[in-house]
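What you are looking at is a predicted structure, and each value in this text was computed from that prediction instead of being measured.
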Amino acid sequence: MERAGQGLRRTAWAAGAIGSLLLVGPVVVFGTGYTGAKVSGSAMEPTYSIGDRVLLERIDAGEVRRGDVVLYRAPERYEGLAVLGRVIGVGGDQVAQQPGGPVTLNGSPLTEPYVKDGDPSGVPSGYDVVVPQGRLFVLGDFRANARDSRFFLDDRSGTVGSTTVLGRALHDRSGLAGLGLAMLLGLLLGVTALVSGIAARGARKRSLPTGVPVPPNA
């Protein structure tokens, strides 16, 4: 019985230690790797509407890709507020549009199924810019109601710095599912540790002669 008790105690300690790591690890990863924002304007409709909660992954400036929806804060614009926008061009890209026509990227028209009412223009004037290195040309999905890079063309072609990006909207949540599974496994191991600890204590009691007190930490 004593051997059984020792084995159960070892199981409890191991399950408890691993379970704690699996519970705490995902919490730390989520807290440092992700953030959230609440949409307060209509510039990104129909992709995101007013009141929507957006889950964002924190990324480095060099990880931003064309087509990403990002939360960024340009201190000299929007009164310093963070805003959502879609990255159309990155450093070195040529972004252009004729009034009423499609946006072109490096000479090729973009297919943009996400724009509001199928209107990729929204304004009567056109533009033709080359994105400086380390900067991004950003547009809203509701082109007729978005004050985006098109309205700041005199300031470095309307672009914003890649370093102003606070996070990228997360569409593939498989990584989060993995974190959730890890936490669930951690919880199950925690229960296993508790049950094994109780069983070990019971085995210890049964192995002692009658009338011998069991130490409190046995």
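Here the straight-line distance linking atom CG of Leu139 with atom CE of Met44 works out to 9.5 Å at 0.5 Å rounding. To the nearest 0.5 Å, atoms CZ (Arg168) and CD (Glu63) are separated by 6.0 Å. Between Ser42 atom OG and Ile50 atom CD1 the span is 5.0 Å, to the nearest 0.5 Å. Rounded to the nearest 0.5 angstrom, Arg73 CZ and Leu81 CG are separated by 7.5 Å. Thr104 OG1 to Asp93 CG: the interatomic distance, rounded to the nearest 0.5 Å, is 10.5 Å.
There is a path of hydrophobic side-chain contacts, each under 4.5 Å, that joins Val90 to Val70. Cluster annotation: Ile88 is connected to Val131 through the hydrophobic network of ILVMFWY side chains, with a link wherever side-chain heavy atoms come within less than 4.5 Å. One hydrophobic cluster holds both Phe152 and Val165 under the rule that ILVMFWY side chains link at heavy-atom gaps under 4.5 Å. Residues Val103 and Leu153 share a hydrophobic cluster, clusters being chains of Ile/Leu/Val/Met/Phe/Trp/Tyr side chains in contact below 4.5 Å. Under a hydrophobic-cluster definition in which Ile, Leu, Val, Met, Phe, Trp and Tyr are linked whenever side-chain heavy atoms come within less than 4.5 Å, directly or via other members, Val123 and Val95 are assigned to different clusters.
With contacts defined as side-chain heavy-atom distances shorter than 4.5 Å, the pair Leu136/Thr159 does not qualify. Side-chain contact between Gln94 and Asp128 is present, with at least one heavy-atom pair separated by less than 4.5 Å. Contact annotation: the side chain of Val115 approaches that of Arg143 to within less than 4.5 Å [non-hydrogen atoms, C-beta and beyond]. The closest side-chain heavy-atom distance from Val54 to Leu71 is not below 4.5 Å. No side-chain heavy atom of Thr35 sits less than 4.5 Å from a side-chain heavy atom of Leu166. Residues Asp155 and Arg77 meet the side-chain proximity criterion, which asks for heavy atoms closer than 4.5 Å. Side chains of Tyr48 and Phe142 form no contact here, defined as non-hydrogen atoms less than 4.5 Å apart. Between Arg135 and Arg156 the shortest side-chain heavy-atom distance falls below 4.5 Å.
Within the 3.5 Å criterion, the main-chain N or O of Gly140 finds a donor-acceptor partner in the side chain of Asp148. Between the side chain of Thr164 and the backbone N or O of Tyr72, no donor-acceptor pair lies under 3.5 Å. Between the side chain of Ser121 and the main chain of Pro99, no donor-acceptor pair closer than 3.5 Å is present.
Contact record, Gly36 with Leu56: C-CD1, 4.0 Å, taken as the closest heavy-atom pair. Across every non-hydrogen atom of Val130 and Gly92, the tightest pair is CG1-O, 4.3 Å. Taking every heavy atom of both residues into account, Val160 and Ala74 meet most closely at CG1-CB, 4.2 Å.
The residue from Glu112, Arg86, Lys116 that alone fulfils the side chain to side chain contact (heavy atoms under 4.5 Å, CB included) condition with Asp141 is Arg86.
The distance between the ring centers of Phe151 and Tyr127 does not fall below 6.0 angstrom.
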